[in-house]
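Report on the structure given below.
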There are 2 protein chains.
Amino acid sequence: MGAVRPTTPLDRVAGAHDAAVLAVARRGDSVSRADLARALQVTPQAISKILGRLIGRGVMTEAGTIVSGPGKPTTLYRIVPSSRRAIGLHLTRSRVRGVVVDLTGEILERRELEIGRLQPVPELIETLALEARALAEVGSGELLGAGVGMPGPVDWGEGVYRGTAQPDPWRGASIRQLLLEELGLPVLLDHDSRAALVGETWSQPGLLDDAALVLVEDGIGASLCLDGNIVRGAHSHAGEAGHTVVRMDGVPCSCGRHGCAQAEYQAALEAGDEELAARILATIVVNLVRLVDVDRVVLGGRTVYTHHSASMDAIRDALAVGLRAEPWVHVEVMLSTRGTDLIAVGAACEVLEHEYGIPQALVGPG
Amino acid sequence: MGAVRPTTPLDRVAGAHDAAVLAVARRGDSVSRADLARALQVTPQAISKILGRLIGRGVMTEAGTIVSGPGKPTTLYRIVPSSRRAIGLHLTRSRVRGVVVDLTGEILERRELEIGRLQPVPELIETLALEARALAEVGSGELLGAGVGMPGPVDWGEGVYRGTAQPDPWRGASIRQLLLEELGLPVLLDHDSRAALVGETWSQPGLLDDAALVLVEDGIGASLCLDGNIVRGAHSHAGEAGHTVVRMDGVPCSCGRHGCAQAEYQAALEAGDEELAARILATIVVNLVRLVDVDRVVLGGRTVYTHHSASMDAIRDALAVGLRAEPWVHVEVMLSTRGTDLIAVGAACEVLEHEYGIPQALVGPG
DNA sequence: GACGTAACGCAACAGCGTTGGCTTACTCTG
DNA sequence: CAGAGTAAGCCAACGCTGTTGCGTTACGTC
């Protein structure tokens with residue numbers, strides 16, 4: 001998959017610095033050598049070398065100079081968005097939504113396809129490949145790969161859809177491997193809510209270092225970014241906030257427990273009680289804040305858009321109550337900026353992240 | 001605080017490797033150069049250099065040789081537990097419990113002191129310093145510092161106890177700074193449940209990379225280790241699982257919300273319904289598993305010991321129900337091995353971790 | 001006692017960021 | 001309108017990391 005393990009740890013130092021410079025460059029129009037030196041905590045001379053590599057790879061360029069007093073004017077640098085592209089596909093049971101994005105995560109083209117029935121796996125792969133190939137026509141930069149985001153238990157490491165207990169024709173499908181063979185491109189598979197969060201963090205690096213993204217589609221998901229790392233969990237099953245119990249002995253849920261947030265939420269909506277539904281969402285959010293202390297909460301997903309102002313108000317109210325003893329804590333609640341493309345864009349950004357993101361730990365004890 | 005920021009990123013490579021070798025060495029009796037090379041993914045020759053540094057610092061030594069066929073026998077290496085020490089203090093409103101541990105986290109000596117009333121801050125610092133100095137008499141290795149673990153909102157970065165809304169004489173106390181001035185040693189301050197988890201991870205590195213520690217003392221806390229990193233959160237307030245709502249519209253909690261796990265738990269115990277209390281604990285645990293997908297749950301804390309077998313059973317049952325759709329997921333539930341010393345040991349291990357732990361990310365985009 | 005084998009050390013090497021000195025390009029002063 | 005002052009940026013040497021290639025050591029086997 002693209003990034004081969006470097007032979008030497010020195011490559012990792014370089015790789016991490018390259019990624020860090022790109023991350024800084026992504027969040028502004030142009031940056032100076034001095035800005036970057038400050039951000040990365042290295043000398044300006046080192047920045048010159050790093051920029052030399054990045055310019056050589058075509059992902060950054062000079063962007064004019066500015067004079068800020070006596071002395072040689074500062075050279076500015078900026079990212080070259082069109083230098084790289086990635087495809088993102090959002091797969092659900094009824095629809096495939098696809099996008100191509102540039103290196104900054106901006107959408108170059110979007111497509112949407114209704115699938116009438118649950119296709120068998122080989123047909124599904126072909127459908128995905130067709131969409132991907134159509135999207136690959138748009139734009140000019142090097143195409144890095146395709147990301148797929150879908151609901152349900154997904155094994156990120158293996159690229160396999162695990163499936164649910166109900167009869168499910170996609171259960172166990174090696175979507176990554178099959179699509180890779182079909183496309184001849186690197187493919188990544190991830191859970192929809194996690195893909196969405198990667199997308200949000202990619203376009204605004206550093207802002208969501210401790211954040212939760214609550215995704216309300218058919219079910220409810222919540223993915224976490226803690227200390228800058230997306231949480232995937234031991235079996236890459238993290239994010240099932242919908243199966244978190246908020247009312248013990250409440251309504252039965254498909255998962256076998258009672259009072260799961262998702263079951264209660266749907267029951268409330270079916271009863272027409274939108275206010276209660278919003279309160280349930282708010283309960284999840286405050287629970288998250290108490291548990292992992294995120295300072296930003298992003299709301300997204302098809303369903304939440306129709307009720308978003310009520311949801312946001314309920315969440316803000318609940319936070320005010322739950323945090324009244326800690327006035328120094330502020331939690332910013334916001335709506336996703338990507339609308340219905342959220343997950344497709346996020347899946348594409350997972351590819352960008354994989355190739356140009358900051359590598360995780362330098363070493364582990366095996 | 002001990003570890004000064006290295007001038008060059010190459011120091012970080014070295015530091016990370018040194019820490020990784022120590023982590024491997026901590027989990028076994030002795031290791032060979034080849035074992036370490038495999039674990040760290042570097043060449044045996046690099047291991048020789050790393051071991052050279054560590055032996056020079058006195059934290060590792062040769063530990064004989066073994067012959068496993070023809071050829072030169074393998075040299076074994078092991079950690080030198082007695083080479084370093086750290087003090088840990090567990091502070092509550094009524095008691096100070098203290099330990100000295102060696103480099104592997106083994107207890108060399110323990111002390112316990114009842115404090116009759118809520119002492120004002122200067123007196124409290126003196127009490128802590130007295131305990132620390134008494135503990136410092138035991139053992140011989142270099143004394144790295146003292147860690148303090150306490151319940152309630154704690155600012156880990158600043159070393160300040162934030163305090164609750166109720167009148168609280170300790171509120172806002174710069175415990176780290178004051179104790180540092182008193183002792184002339186590095187001091188670390190952390191939330192009790194997070195300290196406990198650091199302690200558990202220190203003595204069995206790698207085992208708890210995705211784990212939760214549920215601490216039941218006066219309140220309920222739950223700290224997380226995700227992908228090998230302890231979760232502290234944006235304001236270092238993570239871990240308040242007790243203020244997670246498990247029964248919307250349930251009994252009122254001191255925090256202002258209704259149906260918080262902690263309030264429900266206490267209500268159940270007061271009603272003599274231990275089975276319900278265990279179910280509440282189990283609900284928190286399954287919620288955690290669904291949300292962040294930990295594969296190990298450690299139970300600890302004063303209160304949980306009296307009910308532990310009922311609690312463990314309830315948790316295992318609830319997990320079996322909640323995860324019945326994912327038979328490939330196994331969550332190991334275990335009791336802390338450190339008993340009532342859990343938090344004091346953990347606080348001491350935070351000091352060891354700070355000095356000899358694997359550094360976090362190599363770089364961040366500032 | 002000679003041979004094959006496996007662990008290990010030494011020395012040269014590549015590549016990272018750092019350091020100190022020099023060049024470039026601008027503003028300000030007389 | 002030169003000349004001084006200033007700040008940005010390049011070049012070359014350097015220290016440090018792990019890597020590589022080759023020689024040394026210490027064992028079992030024939």
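Everything numeric in this text was worked out from a predicted model, so none of it was measured. Within every chain, numbering begins at 1; the chains are lettered A, B, ... in the order of the sequence lines, protein sequences first and strands thereafter. FYI, side chains are in, hydrogens and waters are out, and symmetry mates aren't considered; it's all heavy atoms of this structure.
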I want to verify a distance call: between dG18(D), dC27(D), dC16(D), whose nearest atom is closest to the Ala46(B) side chain? dG18(D)
If I take atom CD1 in residue Ile47(A) and atom C1' in nucleotide dT18(C), what distance separates them, rounded to the nearest angstrom? 13 Å
Going by the rule ring pair (Phe, Tyr, Trp, His ring centres under 6.0 Å), which residues pair with His191(B) if we only count those two or more places apart in sequence or in a different chain? none
Examine dC16(C): is either OP1 or OP2 under 4.0 Å from a nitrogen or oxygen in the side chain of His17(A)? Give yes or no. no
Strictly by modelled atom types, are Arg33(A) and Ser48(A) linked by a side-chain donor-acceptor pair under 3.5 Å? yes
Run the salt bridge (Lys or Arg N to Asp or Glu O under 4.0 Å) test against Asp210(B) and tell me which residues pass, sequence neighbours left out. none
Stepwise side-chain contact (heavy atoms from CB on, under 4.5 Å) test for Leu108(A) and Val101(A): CA-CA 5 Å; Leu108(A) 301 175; Val101(A) 304; 5.8 Å; no
Answer whether the closest heavy-atom distance between the side chains of Asp209(A) and Asp227(A) falls below 4.5 Å. no
Please tell me whether Arg27(A) and Ser203(A) have a donor and an acceptor in their side chains that are separated by less than 3.5 angstrom. no
Rounded to whole Å, how long is the line connecting atom CG of Asp18(A) with atom C1' of dC16(C)? 11 Å
Under 4.0 Å from OP1 or OP2 of dG18(D): is there any side-chain N or O of Arg53(B) that close? yes
Can you check the Ile50(B) CD1 to dT17(D) P distance for me, whole Å? 10 Å
Those residues that, when tested against Asp35(B), pass side chain to side chain contact (heavy atoms under 4.5 Å, CB included) (two or more places apart): Val31(B), Ser32(B), Arg38(B)
Report the distance from atom CG of Asp11(A) to atom C1' of dT17(D), rounded to the nearest whole Å. 12 Å
Restricting to salt bridge (Lys or Arg N to Asp or Glu O under 4.0 Å), what partner residues turn up for Arg85(B), sequence neighbours left out? none
To the side chain of Thr43(B), which of dC16(C), dT19(D), dT17(D) is closest? dT19(D)
Write down the distance between CG (Leu10(A)) and P (dT17(D)), rounded to a whole number of angstrom. 10 Å
When you check every protein heavy atom under 4.0 Å of nucleotides 3-11 of chain C, what one-letter string (B, S, -) results, 5' to 3'? -BBBBBBB-
Side chains of Tyr356(B) and Arg84(B): donor-acceptor distance under 3.5 Å anywhere? yes
Distance in angstrom units between Leu40(A) CG and dG17(C) P, rounded: 9 Å
Angle between the two end axes of the helix from dG1(C)-dC30(D) to dG30(C)-dC1(D), five base pairs per end, rounded to 10 degrees? 20°
